[in-house]
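Read through the structure below, which is laid out as structure tokens, and then see the notes.
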Amino acid sequence: MDLNAIAKKWQSAWEEAGIFHATEGKKKKYYVLEMYPYPSASFLHMGHVRNYTIGDVYARCKRMQGHNVLYPMGYDSFGLPAETAAKKEGIHPLDYTEKAIKKIIAYQKALGNSYDWERMLASHDPEYYQWNQYFFIKLFEKGLAYRKKAPVNWCPNCESVLANEEAEGGKCWRCETDVVKKDLEQWFFKITDYAERLLADLEKIEWPEKIKTMQKNWIGKSHGTEILFEINKEQWPIFTTRPDTIYGVTFMVISAHHPRLMELTTAEHKKDMEAFVKKCQKVKTQEEIESLDKDGVFTGSYAINPVNGEKVPVWAGNFVLADYGSGMVMAVPAHDQRDFEFAKKYKIPIKEVIMPVFGEAHKNEEFRKTISAVVHRKKDNTFLMIQWKEFGWISPVIGGIDQGEDAGKAAEREVLEETGYKTQFIKKLGGETEQHFFADNKKVWRMRLDQAVLLELTDDKPVTLDKEEAKKHEVIWMSAEEALKKITHEYNAFGLLQYLGKERAYTEEGTLINSGEFNGTKSTDAIAEITKYLAQKKLGKKVIQYKIKDWLISRQRYWGTPIPMIHCQKCGVVPSAIPVLLPKNVDLKAKNPLKEHKEFVNVACPKCKGPAQRETDTMGGFMDSSWYFLRYCDNKNKKEPFSKAKVKYWMPVDQYIGGAEHAVMHLIYARFFVKALHDMKLIDFDEPFAKLFNQGIVYKDGAKMSKSKGNVVYQTDISDTYGIDTARFFLMSVATPDKVIEWRDDGVEGSYRFLSRVYALSDKKLIAKIDTLTQSKMHRTIKGVTETIDTFEYNKTTIAITEFVNYLQTLEELPKEAFTTLLLLIAPFTPHLAEELWEKAGQKTFISLASWPSFDEKKIDAKAEFIEETITNLTLDMRKVLEFAKIEQPKTIKIIISASWKYDFYRLLKKEIEKTRDMKLILQAVMAKQEFKQYGEDIAKLLPLILKDNTKLPSVILSQKEELQNLQKVSERIKGIFKADIRIEAAEKSTEAKAKNASPSKPAIVVT
RNA sequence: GCGGGGAUGGCAGAGCGGUCAAAUGCGGCAGGCUUAGGACCUGUUCCCUUAGUGGGUACGUGGGUUCAAAUCCUACUCCCCGCACCA
């Protein structure tokens, strides 16, 4: 079996016959799409092989199931990697890219995927990117493309914009200069206009929940209130989700990147502020941002709190985002952790306005005066102290104490002493774990997150905490929630919380205090009430905020689609005629090659014909990938991006396949783009991808395969030795395709051996007739394969196929139908081998175009399979007995069927063996799965009785009648196997069974 | 910190209330075939005991629900993957 020769043979046969070319037709379409790759010039590794195979299996299966399948491939060929690689190797990006595409096509063809190569596209091709420009202008005309200032990475030394990759660590990749953020005019798409629809329409699509959640978080809808604060006689809006804390505002913070920051900065603070802003402008690495300390400078201005007229200082801070909300926040240090940290650092007052309370007891005035609780919060231990009037301080412990008794004990004591309370340590309670409790009373609370124990100590002896013991000591077990309710209701306790430690903010809900007329309101209610109050005074309103930002499309790079705009002094920004071709003869060493290219830049204004300049920014690559799936539908169209009719036929993509790393960027942009085109009436659907599948990554030595790490296994490493079909089959059989897998060389051999066994089957004699058993197994396999392919559970598919092959292997002669069915089922996985054997079996057509076999549930004959299984087991057992009895050729065979406990069966057997060495047969009837389901109810009824006797479950449940019938068939076969006479006798109930009274129902049926 | 997904035999990976000492593959062991090795075939592979029945311990840890739990609930621990100073 030369799998490489076979692969070559069929790959050229397919290509010659052009069988994977899809044309629009009447058949039901199915669009399978893999995310188009960046054309790298290096070999494909096993990760690529896996990704592409996942799609190909699906596409092939759908094609065989009678769909008109569109399965194209193309290349995301614009972008920084080509530019960098080209610079490194001194070749032009165009030449580099085209060479790379040629290479990758060759590698991909060697995979044997059923791509329609005629629909290939590459985004750097003017035939493609001119339509980017077309759409750009469309979006511009719709007001969805606009220009505004935005920060870019800027190297002051090179005077050049840097890509994020070039500014890693905040240093320029060329000169190591510190990179700064600089505001430049940039192009944006107004994706924010679509935020709500992008969120709502997630309901419409079948995507992994994980991706949907990521998109939801990315869009980040939040309901809140916009509140106007007066600063220097001017109203400044801020956004908050916690208007209930407005009385606790002790300062304001404006973002260091806020465009109007300087307006608020008074002369005396100007110098400090400028230094601060400069400091904030430095590009930070991710780690730096994470560990960044709150930092700020006072502006010198004051804001007036609209609800109480309080004057609070306005600070500039590094932790406030300029482009979320209004770039300024009201700071409530008592109830927001960030504000808290800032306030601590700059010694700004902290004013508490939310009081944590539990239950409703706080509404009772009397308890307010007499009962209080203290929460002491430290970084890791939280203690709740409750004082109630009859008992004094009680210290329940919430969490933490088991891990570090000493720390817990010390901290707790500290709290108690701080409150002026004399503590008494009650020694450990409980069994193995040391647990500490404090109390001076006859009641002790112990609390751990979800449970609380109230111990009523009748004397000073420690009590254990297990339930039985607890009962004796009147210990009450309850959930924390219940316990708190009990405190507030039954014991009339009430928590007035203060933060003794002042180490962190209280961000939970509670009741308002120090909040004027809103005192006593629940904080959750206060959100609405205060918003309403502000709205009435025209000082605030309810608003919805999204985290999603407009899509920055501009790149200050050469290798991308030129933005088709012209800047004219007179007419402003004017769309250019298209296509605007990317000039090839540029100085690639220049800081910005397009800007230096005079003929490109200097043009006449399309409106006034006066001198004007072309936009030199290019579009980011996500523009290309936002509509390439539409272009596949009509990739040769020279007049328009696509014909509406063709797109209408093929779109939306039925099954999209790609990595989860695109969860937010590409997958949101494409959805936005399609919605925008839909609104322009260019297409009639508004979601591009009906179903999405995320494949898992292939790891090796604990890391993702990558050239730089040197842990790459290339396509050819495996295919040279074992053939590409082996690689495909192996990769699909290791795990479900969405799982991360670790590459291991040894498994491949197993797959190769398996394919060899499939190949060996083709040497068996094919017969026309098919027996019921084979037929049953066949239909079972078809069913399993069909269902598991559909849900991408390919590893189960391969198992179903393997089991079928194992069975077929046992047959002397192969029913042709079974064999061809096997080939059809395996064809999506190992298409070349399948074609070869298909041909060998005398078929004239391509298996790739053959019809998928259908299954008939009725043909799955559980009984036949049951009998077969019985015989197999029986034969094995018999052989063992024969060996044991040292008898070669038995004269008679006595069959004993146990329909009952193994115990009884083997007693009988033993007896038989002792009685006569002529006994030649053991039969152990094995209960099939179906039978169990069928008789499950009866078993359930019997169970309590059986269990009373401590007896094992019956191993066989069969009706007597059915059993006898099956037995006849079994005996025939056994007779053949052992070439002996067979006698079947009714068996008597074993004496042992009787003696043990193993079961009240018929325990054993012995037929001899 | 927030959100999502996990933890199963030497390894990978199914199972998701009774047929479970747990599919399948890899690896290990023994036997057959071979001059030998490889390939292939057969058996075996948690522990104790057996010719066979039998018993014990097991699906991250602790509790719970159930006649019955790898499977359901609950808490904890650890791992992975996203997002992250979003007010």
Side-chain angles (χ1 to χ4, degrees), chain A residues 208-214 216-218 220 222 224 238-242 245 253 286 289-290 292-294 317-321 323-326 328-332 336-339 341-342 402-403 448-451 467 479 545-549 660-661 663-664 697 730 733-736 738-742 744-751 753-754 756-757 760 793 795-796 798-800 802-803 806 809 876-877 880-881 883-885 901-907 909-910 913 922 924 926-933 935-936 939-940 943-948 952-957:
Chain A
E209 275 312 310
K210 187 186 162 193
I211 305 289
K212 286 196 190 181
T213 313
M214 279 167 81
K216 274 180 203 157
N217 293 342
W218 187 260
S222 60
I238 59 96
F239 174 75
T240 180
T241 52
R242 292 294 302 274
T245 62
V253 190
Q286 200 55 40
I289 291 169
E290 275 163 34
L292 207 59
D293 266 347
K294 304 278 170 296
N318 63 345
F319 66 98
V320 176
L321 301 173
D323 45 9
Y324 181 76
S326 56
M328 192 185 330
V329 297
M330 65 179 212
V332 186
D336 181 281
Q337 188 55 26
R338 294 156 302 183
D339 299 346
E341 286 168 29
F342 195 87
D402 282 347
Q403 289 102 311
R448 292 202 47 192
L449 294 174
D450 73 320
Q451 53 185 210
K467 264 192 168 176
S479 71
Q545 271 290 333
Y546 298 94
K547 281 190 217 170
I548 192 170
K549 289 166 199 157
E661 67 272 20
V664 282
I697 298 164
F730 171 68
S733 65
V734 195
T736 43
D738 58 325
K739 285 244 164 72
V740 167
I741 58 170
E742 173 85 22
R744 289 193 337 273
D745 290 322
D746 50 13
V748 184
E749 292 229 6
S751 292
R753 283 202 291 265
F754 172 72
S756 309
R757 289 198 284 137
E793 297 169 289
N795 64 325
K796 289 191 215 164
T798 58
I799 289 165
T802 310
E803 282 170 351
N806 288 347
Q809 226 176 353
L876 286 174
D877 281 353
K880 265 190 189 150
V881 172
E883 201 182 315
F884 168 68
W901 288 258
K902 285 179 179 176
Y903 176 82
D904 291 313
F905 171 66
Y906 281 106
R907 291 291 144 197
L909 176 64
K910 198 173 177 185
I913 291 172
I922 301 170
Q924 181 184 358
V926 181
M927 183 177 58
K929 202 166 189 167
Q930 285 73 14
E931 267 90 0
F932 192 87
K933 289 267 149 73
Y935 295 98
I939 295 168
L943 270 165
L945 297 166
I946 294 163
L947 289 162
K948 213 194 268 169
K952 275 266 174 178
L953 276 175
S955 66
V956 176
I957 310 268

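Below, all heavy atoms of this structure are taken into account, side chains as well, without hydrogens, waters or symmetry copies. The chains referred to below are lettered A, B, ... by the order of the sequence lines, with proteins before strands, and numbering in each begins at 1.
Counting non-hydrogen atoms under 4.0 angstrom, A:Val332 reaches nothing in the nucleic acid. Note on A:Gly750: only backbone sugar-phosphate atoms sit closer than 4.0 angstrom, heavy atoms only; bases stay farther off. Within the nucleic acid shown, A:Asn795 comes within 4.0 Å of sugar-phosphate atoms alone, with no base atom in reach, counting heavy atoms only. As judged by a 4.0 angstrom heavy-atom cut-off over every strand, A:Gln545 is placed among residues making no nucleic acid contact.
B:rG62 is paired with B:rU74 under the Watson-Crick or G-U wobble criterion, all donor-acceptor distances under 3.5 Å. As the counterpart of B:rA68, no nucleotide is assigned, since no Watson-Crick or G-U wobble pattern has both distances under 3.5 Å. Using Watson-Crick or G-U wobble geometry with both donor-acceptor distances under 3.5 Å, B:rG1 finds its partner in B:rC83. In a base pair of the Watson-Crick type (N1 to N3 plus N6-O4 or O6-N4) or a G-U wobble (N1-O2 and O6-N3), with each distance short of 3.5 Å, B:rG38 is matched with no nucleotide.
We find that CD of A:Glu803 is positioned 15 Å from P of B:rA14, with the value rounded to whole Å. The distance from atom CE of A:Met330 to atom P of B:rA87 is 12 Å, rounded to the nearest whole Å. Put simply, CG on A:Asn806 is 9 Å from P on B:rU42, counting in whole angstrom units. Separating the CG atom of A:Asp323 from the P atom of B:rA87 is a distance of 13 Å, rounded to the nearest angstrom. Between the NZ atom of A:Lys212 and the P atom of B:rG4 there is a distance of 15 Å, rounded to whole Å. In this entry the distance linking CZ of A:Phe730 with P of B:rU24 reads 18 Å, nearest Å. Remark: P of B:rC83 and CD of A:Glu661 are 11 Å apart, rounded to the nearest angstrom. In this structure, the CG atom of A:Leu321 is 6 Å from the P atom of B:rC85, given to the nearest Å.
At B:rC83, none of the side-chain N or O atoms of A:Lys216 fall inside 4.0 Å of OP1 or OP2 (strictly under the cut-off). For A:Ser756, no side-chain nitrogen or oxygen approaches OP1 or OP2 of B:rA39 to under 4.0 Å. At B:rA14, one or more side-chain N or O atoms of A:Lys739 fall inside 4.0 Å of OP1 or OP2 (strictly under the cut-off).
Annotation for A:Ala663 and A:Met214: closest pair CB-CE, 3.4 Å, computed over non-hydrogen atoms.
A:Lys549 has its side chain within reach of A:Asp323: a pair of non-hydrogen atoms, C-beta onward, lies under 4.5 Å apart. The shortest side-chain heavy-atom distance between A:Thr736 and A:Asn795 falls under the 4.5 Å cut-off. The closest side-chain heavy-atom distance from A:Met330 to A:Thr245 is below 4.5 Å. Looking at A:Phe754 and A:Ser733, their side chains never come closer than 4.5 Å, going by heavy atoms from C-beta outward.
Judged by atom type and distance alone, A:Lys210 does not reach the base of B:rC81 through any side-chain donor-acceptor pair under 3.5 Å.
Taking the C1' atom of each, B:rG82 and B:rA87 are spaced 22 Å apart, rounded to whole Å. Nucleotides B:rG10 and B:rC47 place their P atoms 9 Å apart, quoted to the nearest Å. Of the P atoms belonging to B:rG63 and B:rG54, the separation is 30 Å, rounded to the nearest Å. The P atoms of B:rU74 and B:rC80 are separated by 25 Å, rounded to the nearest whole Å. Separation of the P atoms belonging to B:rU8 and B:rC59 is 11 Å when rounded to the nearest angstrom. On the P atoms, B:rG38 is 16 Å away from B:rC26, given to the nearest whole Å. Rounded to whole Å, the P atom of B:rG9 lies 15 Å from the corresponding atom of B:rA22. Separating the P atom of B:rG6 from that of B:rG55 is a span of 36 Å, rounded to the nearest Å.
A:Phe319 and A:Phe342 have tilted rings, their planes meeting at an angle from 30° to 60° on a 0 to 90° scale.
Of the candidate nucleotides B:rG82, B:rC83, B:rA14, B:rA14 has the atom lying nearest to any side-chain atom of A:Thr736. Minimum atom distance to the side chain of A:Asn217 is reached by B:rG3, of the listed B:rG3, B:rA87, B:rA12. Closest to the side chain of A:Phe239, out of B:rG3, B:rA84, B:rA87, is B:rA87. The nucleotide whose nearest atom lies closest to any side-chain atom of A:Trp218 is, among B:rC83, B:rA87, B:rC85, B:rC83. When each of B:rG13, B:rC41, B:rA87 is scored by its nearest atom to the side-chain atoms of A:Ala735, the top-ranked nucleotide is B:rG13.
To the nearest 0.5 Å, atoms NZ (A:Lys216) and CD1 (A:Ile211) are separated by 12.5 Å. In this structure, the separation between CE on A:Met328 and OG1 on A:Thr240 is 13.5 Å, given to the nearest 0.5 Å.
Ranked by how close their nearest RNA chain B nucleotide is to the 5' end, A:Val740 and A:Ser326 are led by A:Val740. Heavy-atom nearest nucleotides on RNA chain B were determined for A:Asp339 and for A:Gln809, and the one closer to the 5' end corresponds to A:Gln809.
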